[in-house]
**Student:** 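Quick one: the structure is below, and I'll ask about it shortly.
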Amino acid sequence: MFDFKRIADAARASAETLLAEWLPHGRRDGHEWKSLNPTRADTREGSFSINLNSGAWADFATDDKGGDLISLYAYLQGVPMGEAAKAVAVRLSIALDDAPASAKPPPAGGKNKSDWEPVLPVPAHAGDPPKAHIKRGKPCAMWTYRDADGNVLGHVFRFITSAGGKEILPCCWARHAESGTEEWRWMAFPVARPLYGLDRLAAHPRGSVMVVEGEKCADAFYGVFPERPAVTWPGGCKALDKADWSPLAGRDVIIWPDFDDPGRAAARRLSGRLVSLGCKVRIIDVPDDEGRAAGWDVADAVTEGWDKARITQFILDRVREVNEKTTVDTAPAGAGCVSTRGGEGDDWRDLLLLKNGNVFDCRENVFLYLSHHPAWRGVIWRNEFAHKVVRRKPAPWENPATFVEGVEWTSEDDYRMGMWLAQQERVIVRNEGNLAAAVGWCASDSKWHPVREYLDGLVWDGEKRLDAWLTDFMGVRATPYTMKVAAMFMIGMVARIYQPGCMMRTMPIFEGAQYQGKSSALRILGGEWFGDTLIDISNKDVYQLIQGCWLYEVAELDAFSKADATRIKAFLSSPKDRFRAPYDRQPCDWARQVVFAGTTNLFAYLKDSTGNTRYWPITVNECGAIELDALAAARDQLFAEAVHRFRHGERWHPTRDEQQRLFEPEQEAREVEDVWSGVIAAYLYRMNESRITTAQIIGDALKAEVGKIAPGRAAEMRIAQVMQKLGWLKVRETIGTRQRYYARPKDWGNDQQTAVSQGDGYVCPF
């Protein structure tokens, strides 16, 4: 047998050398070696780390771990511990003939694994969980974990110990690896562990999610706010990294930590994980000066008699958005922690890569300066709305008194940053690509959405204005149609921010004489995110032009007047735009966040009857002038109400019934009349036949020679649109020549004015 301890000690002394060979794509991070795990495909950077002092290692995404570098080698190579020890000993030139015979290898995973494996979800034949624990007796509380479909995943029990404390024990349905026996077992959920409240999360796909510490708190909050899901994770603060947080990806999350240091630390650690999942994260800061006991939480607030209004006000007063770089503790208990962003002091300088005793001019070092140096901390962000790198704090060379938040970072700023590094830190970065790469890397860690931030800061006063704003401020006549358009347009603007890429196939068209204030009103609604530059939808650059705009005016419909109907439909209906954002190397698909509105001084402008549903016509100045000042004063409350109604699930597009009953008549009234329509309709009334062919329409109704019709079937398609609008359907004979013809509708002429032939003229029935 080998002297495993001797080999492990020698490996630990040469840890950095060995790890550079075994995990060449990793890097030293303080007292740890961080790397991707090469043994699994779904690698996540940062979850696989090795302690350089002790040799202990862990992958916190899979719960694989070990106590020394021998077990790590066995894990990476997939070999037994004896073979791993021999290979490491040979690499370190350790003789193997003097090892004591009694030496035994530790388990490769660092601990003996159970022969029982949890089964999720719990099968129907499992029956009820145990009523009591063999040592703890009957529980004082039980919580059932369910998946998004409501299937039971397992249970968590709370017991009172003999000393009066509490103990939380999970219980899972499990299967024995060898015998196949299944039974309830007191064991933890498998990693990644499910969240408590997944069924509630699925029932409320929109709106914010409250994350609390403990199942009792989740139930307490959900009992007061049944419209807002509350979730938690099993195992407490130490097990936070073992939970599967992916169901919260992209959601608006508020974290309510327990009132103690472990709770606050867990909230900070969790915020970093959620931000990486694309979440908008806010944390409730519980103040120290109100006499609360340690561990105070939302369940205590409910027990103290807090009602919905008081809890709501408490959240509004104490919540803050996670804007600063978050301190993330990814190390196991006892292994220390690593501050990846925003730590105080100069400890971060230990992470700088050196070459011949000097700071190396690589992108990694530039990134560390931008992330940790006090002059740069919080400066560089990625604007998720405009897809640009911006500054939210002044750079070291800027005057704070004249600085404007959100100014775009340019290549000139790269050069100024390089000069600052050279003058202040004596680091000369020779490759300007390293400067740009570090800026993009830093920005990807700090994401900011200015429009979402604006909407989240609004508080609705409860007064309903949304349905009537077109009437109150734009002089639009109040009808069921205009009130629907007023609400749906504003809710749709909000939806595009909270659900980028959501369905938005339409745009309102504001009709009215020139110089009445149509464009100015749209500019007020869009605010600083308004755009009206002439666009060409046939040019691929248009997709980058509309980024950073929340409301884009298609002035006088110029952009659409020269485009074909198919291209217009595709442009308006597209849920995403493809382009290369600044500091990105490749083009990407970006979910669309802009909405469009048209303006025109015409009252007949729709040319394609199949695409009219894309437009919502609105006539302004019918019952009053456009009130720009009043609209500007009411803007925030209009959007606050729109946010409220969106979060309560209100639609921003009409139902089929609303489309046919309210919208289609308005759209048809703006359609440019096809001169063939009246001629063909009058002829159909005069002939009084049950069927007619396209050739008959061309020759008899339009008095044209079939041979002189232009090629390309444009005339046939135009006739088909007219006949469809008149209600005549095209069919085909089932026998004989199988000729195609248009069939007369059953009610043709019964409820319509009869055409009267007057020589070469006619009276149109419509």
Side-chain angles (χ1 to χ4, degrees), residues 40 42 44 47 58-65 113-114 116-130 139 141-158 167-175 182-205 208-222 228-257 266-267 269-274 276-279 281 330:
R40 57 187 175 91
D42 60 332
R44 279 170 280 181
S47 65
D59 186 333
F60 304 108
T62 63
D63 206 27
D64 294 327
K65 61 182 66 176
K113 293 188 176 180
S114 171
W116 292 87
E117 292 291 337
V119 178
L120 276 68
V122 176
H125 64 267
D128 295 333
M142 181 189 79
W143 296 278
T144 300
Y145 279 64
R146 301 179 184 274
D147 63 17
D149 297 323
N151 301 309
V152 176
L153 301 176
H155 307 275
V156 169
F157 292 83
R158 179 175 179 173
E167 184 174 5
I168 306 296
L169 295 178
C171 185
C172 293
W173 184 257
R175 180 184 297 115
E182 294 185 358
E183 63 181 41
W184 287 103
R185 303 284 298 184
W186 298 98
M187 62 187 307
F189 293 107
V191 176
R193 297 172 181 170
L195 300 179
Y196 178 70
L198 291 175
D199 51 338
R200 300 169 181 171
L201 197 65
H204 302 280
S208 60
V209 181
M210 183 65 70
V211 177
V212 295
E213 186 180 335
E215 297 85 0
K216 180 181 178 181
C217 292
D219 287 351
F221 183 86
Y222 193 64
R228 287 286 179 266
V231 301
T232 190
W233 69 97
C237 294
K238 293 182 178 180
L240 184 148
D241 295 312
K242 296 182 179 181
D244 178 12
W245 296 99
S246 61
L248 297 183
R251 295 292 294 264
D252 183 347
V253 179
I254 300 176
I255 304 175
W256 188 326
R269 195 162 79 247
L270 176 59
S271 66
R273 179 179 289 268
L274 294 178
S276 68
L277 291 174
C279 297
V281 184
T330 58

**Student:** Does any non-hydrogen side-chain atom of Asp252 lie less than 4.5 Å from one of Val209?
**Tutor:** no
**Student:** Indicate yes or no for a side-chain donor-acceptor contact from Asp244 to the backbone of Ser246 under 3.5 Å, with no hydrogens or angles considered.
**Tutor:** yes
**Student:** Determine the minimum heavy-atom distance between Cys172 and Pro118, stating which atoms define it.
**Tutor:**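 Scanning both residues completely, I find the closest heavy atoms to be CB-CB, 4.1 Å.
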**Student:** When rounded to the nearest 0.5 angstrom, what distance separates SG in Cys171 from CE in Met187?
**Tutor:**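 Cys171 atom SG to Met187 atom CE measures 10.0 Å (nearest 0.5 Å).
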**Student:** So which atom in Leu198 and which in Leu195 form the shortest heavy-atom distance, rounded to 0.1 Å?
**Tutor:**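 Looks like CG-O, 3.5 Å.
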**Student:** Please work out whether the ring planes of Trp184 and His155 are parallel, tilted or perpendicular, with thresholds of 30° and 60°.
**Tutor:** tilted
**Student:** To check you understand the geometry: which heavy-atom pair defines the closest contact between Val212 and Ala218, and what is its length?
**Tutor:**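 Nearest pair, atom of Val212 first, then Ala218: CG2-N, 3.3 Å.
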**Student:** For a 4.5 angstrom cut-off between non-hydrogen side-chain atoms, does Leu201 reach Pro247?
**Tutor:**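 A side-chain contact exists here, since the closest heavy-atom pair is under 4.5 Å.
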**Student:** Ignoring hydrogens, what is the shortest heavy-atom contact between Gly250 and Cys279? Give both atom names and the distance.
**Tutor:**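 Shortest heavy-atom contact: N-SG, 3.7 Å.
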**Student:** Evaluate the side-chain contact (heavy atoms from CB on, under 4.5 Å) criterion for residues Val281 and Ile255: first the C-alpha distance (whole Å), next the side-chain angles of each, then the deciding distance (0.1 Å), finally the verdict.
**Tutor:** CA-CA 8 Å; Val281 184; Ile255 304 175; 3.9 Å; yes
**Student:** Return the minimal non-hydrogen interatomic distance between Pro194 and Leu153, and the atom names on each side.
**Tutor:** CB-CD1, 3.7 Å
**Student:** Going by heavy atoms in the side chains, are Arg273 and Asp241 under 4.5 Å from each other?
**Tutor:**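 Yes, side chains in contact.
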**Student:** Does some side-chain heavy atom of Val211 sit less than 4.5 Å from a side-chain heavy atom of Ile254?
**Tutor:**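 Side-chain contact under 4.5 Å: no.
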**Student:** Quick one: does Thr232's side chain get under 4.5 Å of Cys217's, heavy atoms only?
**Tutor:**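 When only atoms from C-beta onward are counted, Cys217 and Thr232 do not touch, as no gap falls below 4.5 Å.
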**Student:** How many angstroms lie between atom CE of Met142 and atom CZ of Arg158, to the nearest 0.5 angstrom?
**Tutor:**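 With rounding to 0.5 Å, CE (Met142) is 15.0 Å from CZ (Arg158).
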**Student:** Fit a plane to each ring of Trp173 and His125, take the angle between them on a 0 to 90° scale, and name the class: parallel (under 30°), tilted (30 to 60°) or perpendicular (over 60°).
**Tutor:** perpendicular
**Student:** Can you tell me how far apart CG (Asp199) and NE2 (His204) are? Round to the nearest 0.5 Å.
**Tutor:** 9.5 Å
**Student:** Would you say that Tyr222 contacts Arg200 through its side chain, given a criterion of any heavy-atom pair below 4.5 Å between the two side chains?
**Tutor:**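 Result yes, sub-4.5 Å side-chain heavy-atom pair found.
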**Student:** Could you please spell out the steps behind the side-chain contact (heavy atoms from CB on, under 4.5 Å) verdict for Arg228 and Phe221?
**Tutor:** CA-CA 9 Å; Arg228 287 286 179 266; Phe221 183 86; 4.0 Å; yes
**Student:** Within the 4.5 Å heavy-atom criterion, are Ile168 and Val156 side-chain neighbours or not?
**Tutor:** yes
**Student:** Is the ring centre of Trp143 less than 6.0 Å from the ring centre of Phe157?
**Tutor:**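 Judged by ring-centre distance (under 6.0 Å), Trp143 and Phe157 do not meet the cut-off.
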**Student:** Hydrogens and angles aside, do Asp219 and Tyr196 bring a side-chain donor and acceptor to less than 3.5 Å of each other?
**Tutor:**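 Judged by distance alone, the side chains do pair up.
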**Student:** Would you call Glu183 and Trp116 a side-chain contact if the rule is heavy atoms closer than 4.5 Å?
**Tutor:** yes
**Student:** Grab the two heavy atoms, one from Trp233 and one from Leu240, that are nearest each other, plus how far apart they are.
**Tutor:**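 Distance-wise, the nearest heavy atoms are NE1-CA, 3.5 Å.
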**Student:** Hey, are Arg175 and Glu117 close enough for a salt bridge, meaning a charged N less than 4.0 Å from a carboxylate O?
**Tutor:**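 Between Glu117 and Arg175 there is no salt bridge, as every charged N stays at least 4.0 Å from the carboxylate O atoms.
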